[in-house]
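Let me begin by presenting the structure, written as structure tokens, before commenting on it.
Both ligands and their constituent atoms are indexed starting at 1 by order of listing. No hydrogens, no waters, no symmetry mates; every other heavy atom, side chains included, goes into these values. Keep in mind that what you see is a predicted model, and the values were worked out from it rather than measured.
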Amino acid sequence: MLNKLKRAALGAHTPHDKATAASKPVPMPLPAQVRILMSQHIGAPAKATVKKGDAVCVGTLIGEAGGFVSANIHSSVSGTVKAVEPYRLSNGKLCDSVVIETDGKQTVDPSVQPPVVTDKASFLAAVRASGLVGLGGAGFPTDVKLQPKSPVDTLLINASECEVWLTSDTQEMLTCPDDIVRGIQAVLQYTGIPRCIIGIEKNKPECIDLLCQKTKDIANIDVKPLPSVYGTGAELILIEKCLGREVPHGGLPADAGAIVMNVTSVSMLGKYLATGMPVVERVVTVDGDACAQPQNMIVPVGASYQDIVNAAGLKPDVTLGKVVAGGAMMGPAVEDLSYPTTKTCSGLILLSKAAATPPAAEPCIRCGRCIEYCPMGLAPVEVNGAYAARDVEELGKLHVDYCFNCGSCTFVCPAKRPCTQMMGLAKAYYLDQIKKGGNK
Ligand code: SF4
Ligand code: SF4
């Protein structure tokens with residue numbers, strides 16, 4: 001049923017608003033202090049391995065993976081540990097953080113050396129040591145992803161970057177294509193996955209051309225141009241568009257024979273294998289109508305959002321209304337600018353008060369646009385009714401758990417109804433009821 005719905009779905013045509021597409025990443029001014037969270041990934045938090053007063057360098061291990069599904073954390077700066085203390089995350093939970101006062105020297109830790117990789121075991125150990133997680137936003141530890149329980153025949157590289165404003169992946173492709181290819185080849189060689197497809201939206205022709213040229217003599221890597229439709233970057237949709245396969249309900253990409261890696265993640269892997277430098281910084285697209293200098297900025301992990309806002313500046317005649325971490329369609333609003341950046345932060349969108357003020361919602365006119373444009377083929381208007389009635393069985397029939405919060409339904413709704421927020425509430429309610437043993 002879902003497959004039929006998905007094939008009928010259009011996906012929203014969000015504006016190709018990519019003012020920073022040609023902005024080569026530049027380092028932000030080094031902050032005086034960074035706060036590095038021990039939980040920047042899916043899974044168990046890392047355990048801090050440093051204490052107050054310790055000297056650290058760039059690349060020093062400061063947090064050890066706290067379980068199988070977890071990731072190492074490294075210092076992004078050289079300096080002195082000022083505190084190891086709990087910090088309240090945006091979801092309300094507390095997690096340890098390491099606060100480091102920078103010394104301005106950015107001395108690299110002597111342990112930062114290219115890893116010795118000779119076989120699958122040493123490759124996976126190197127990936128684990130690097131602290132690499134899904135940098136597209138998911139934050140799933142890469143070494144765990146590369147050990148699937150089902151047989152996999154394709155490595156899919158997600159280079160669609162369909163989110164409005166974001167161009168950090170685009171710049172990664174344009175400036176680091178050799179790292180991307182090196183990372184892909186290592187994954188194929190050491191995991192035994194026979195082939196790779198790099199999926200790139202057609203609205204990035206220069207990326208398609210460059211990666212086609214870099215892979216033209218490599219038989220098992222193909223570049224696949226994808227339709228420029230918002231939602232293409234969602235894992236399930238990417239798999240369907242590239243392989244024509246459907247991930248079973250509740251399953252993982254590996255259940256459809258694929259592993260999906262974000263293009264910046266595989267590029268970071270390529271860099272790590274060549275240099276031994278773990279994930280300590282990343283490119284963040286800073287844009288939005290309130291931003292004075294939209295740009296791609298190289299940000300040390302742990303710099304505060306306020307540091308980034310200060311570096312990019314605000315337009316003098318504009319009042320900052322909202323800051324969104326990640327893309328404008330899916331990213332959460334930042335409630336406190338002192339919050340630190342993590343490995344998974346690909347963008348910071350600075351919106352004026354005018355742009356951030358939602359229009360008043362009007363009654364639903366049953367036009368069906370939210371259904372027509374949902375990339376997952378869901379029916380928000382029907383879910384709304386089922387959720388209002390707290391009808392768990394109907395919510396299950398409507399596959400509410402497939403919603404990935406993409407924002408398309410709200411974007412296309414002529415009545416400006418908060419469909420996405422309602423879908424989030426309905427999904428949370430449904431999953432909670434299922435957990436409690438409700439009807440599915
Ligand atoms: S798009 Fe908006 S107005 Fe149209 S059916 Fe959906 S919720 Fe109703
Ligand atoms: S937020 Fe959910 S329901 Fe709305 S368009 Fe996206 S996937 Fe569909």
Side-chain angles (χ1 to χ4, degrees), residues 1-15 136-138 158 160-166 201 226-241 246-253 256 260 324-333 349 358-392 394-434:
M1 177 186 174
L2 184 76
N3 198 27
K4 232 188 276 170
L5 286 170
K6 272 199 293 184
R7 288 182 198 290
L10 290 174
H13 289 271
T14 52
N158 186 352
S160 61
E161 198 169 50
C162 55
E163 261 279 11
V164 185
W165 276 314
L166 298 191
E201 279 195 345
L226 300 170
S228 306
V229 180
Y230 175 68
T232 306
E235 269 189 350
L236 303 193
I237 295 168
L238 190 75
I239 290 168
E240 184 170 295
K241 288 200 188 307
E246 185 179 351
V247 177
H249 188 211
L252 295 168
V260 181
V324 177
M329 293 290 281
M330 285 187 71
I349 308 302
E362 290 169 19
C364 173
I365 56 171
R366 310 276 305 173
C367 66
R369 281 172 65 86
C370 54
I371 301 172
E372 192 181 355
Y373 287 91
C374 171
M376 296 302 288
L378 303 178
V381 65
E382 303 302 334
V383 169
N384 190 39
Y387 177 53
R390 300 296 189 266
D391 187 338
V392 181
E394 188 62 16
L395 287 171
K397 284 183 190 161
L398 291 167
H399 298 288
V400 68
D401 52 329
Y402 270 86
C403 175
F404 65 103
N405 202 38
C406 75
S408 295
C409 44
T410 298
F411 179 79
V412 300
C413 175
K416 304 299 172 204
R417 298 190 64 75
C419 307
T420 306
Q421 289 83 346
M422 179 278 301
M423 288 296 292
L425 292 171
K427 178 177 172 177
Y429 171 75
Y430 171 74
L431 293 177
D432 189 49
Q433 292 300 307
I434 293 301

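Taking atom 8 (Fe) of ligand 2 as the reference point, the nearest protein heavy-atom neighbour is C374 SG, 2.3 Å. Closest protein heavy atom to atom 1 (S) of ligand 1: C370 N, 3.3 Å. Among all non-hydrogen protein atoms, the one lying nearest atom 6 (Fe) of ligand 2 is C406 SG, 2.3 Å. The nearest protein atom to atom 4 (Fe) of ligand 1, hydrogens excluded, is given as C367 SG, 2.3 Å; this is a heavy-atom distance. For atom 3 (S) of ligand 2, the closest heavy atom belonging to the protein is M423 CE, 3.5 Å.
When distances to atom 6 (Fe) of ligand 1 are checked against a cut-off of 2.8 Å, C413 contributes no N, O or S atom below that limit. Within the coordination shell of atom 2 (Fe) of ligand 2, defined by N, O or S atoms under 2.8 Å, C403 is present.
The atoms of ligand 1 that sit less than 4.0 Å from any heavy atom of C364 are 3 (S), 5 (S), 7 (S), 8 (Fe). Close contacts of ligand 2 with G407, meaning ligand atoms under 4.0 Å from a residue heavy atom, involve 1 (S), 6 (Fe). Applying the 4.0 Å criterion to heavy atoms of F404 picks out, from ligand 2, the atoms 7 (S). Of all atoms in ligand 2, listed by their number and element, those nearer than 4.0 Å to a heavy atom of C409 are 1 (S), 3 (S), 4 (Fe), 5 (S). Atom numbering of ligand 1 starts at 1 in the shown order; those under 4.0 Å from a heavy atom of R366 are 5 (S), 8 (Fe).
Looking at M423 and Y387, their side chains never come closer than 4.5 Å, going by heavy atoms from C-beta outward. Residues L236 and Y402 meet the side-chain proximity criterion, which asks for heavy atoms closer than 4.5 Å. Using a 4.5 Å heavy-atom cutoff, the side chains of V260 and L238 are in contact. In this structure the side chain of P418 never reaches within 4.5 angstrom of the side chain of P358, judged on heavy atoms. A 4.5 Å side-chain heavy-atom check between T420 and F411 finds every atom pair outside the cut-off.
At a heavy-atom cutoff of 4.0 Å, ligand 2 is contacted by no atom of V383, backbone or side chain.
Taking every heavy atom of both residues into account, L378 and P380 meet most closely at O-CD, 3.4 Å. Pairing each heavy atom of L395 with each of A386, the nearest pair is CD2-CB, 3.7 Å.
The shortest separation from a heavy atom of P380 to ligand 2 is under 4.0 Å, placing the residue in contact.
With R417 contributing its side chain and E362 its backbone, the two residues share a donor-acceptor pair below 3.5 Å. Remark: the backbone N or O of C406 is paired with a side-chain donor or acceptor of Y230 at under 3.5 angstrom.
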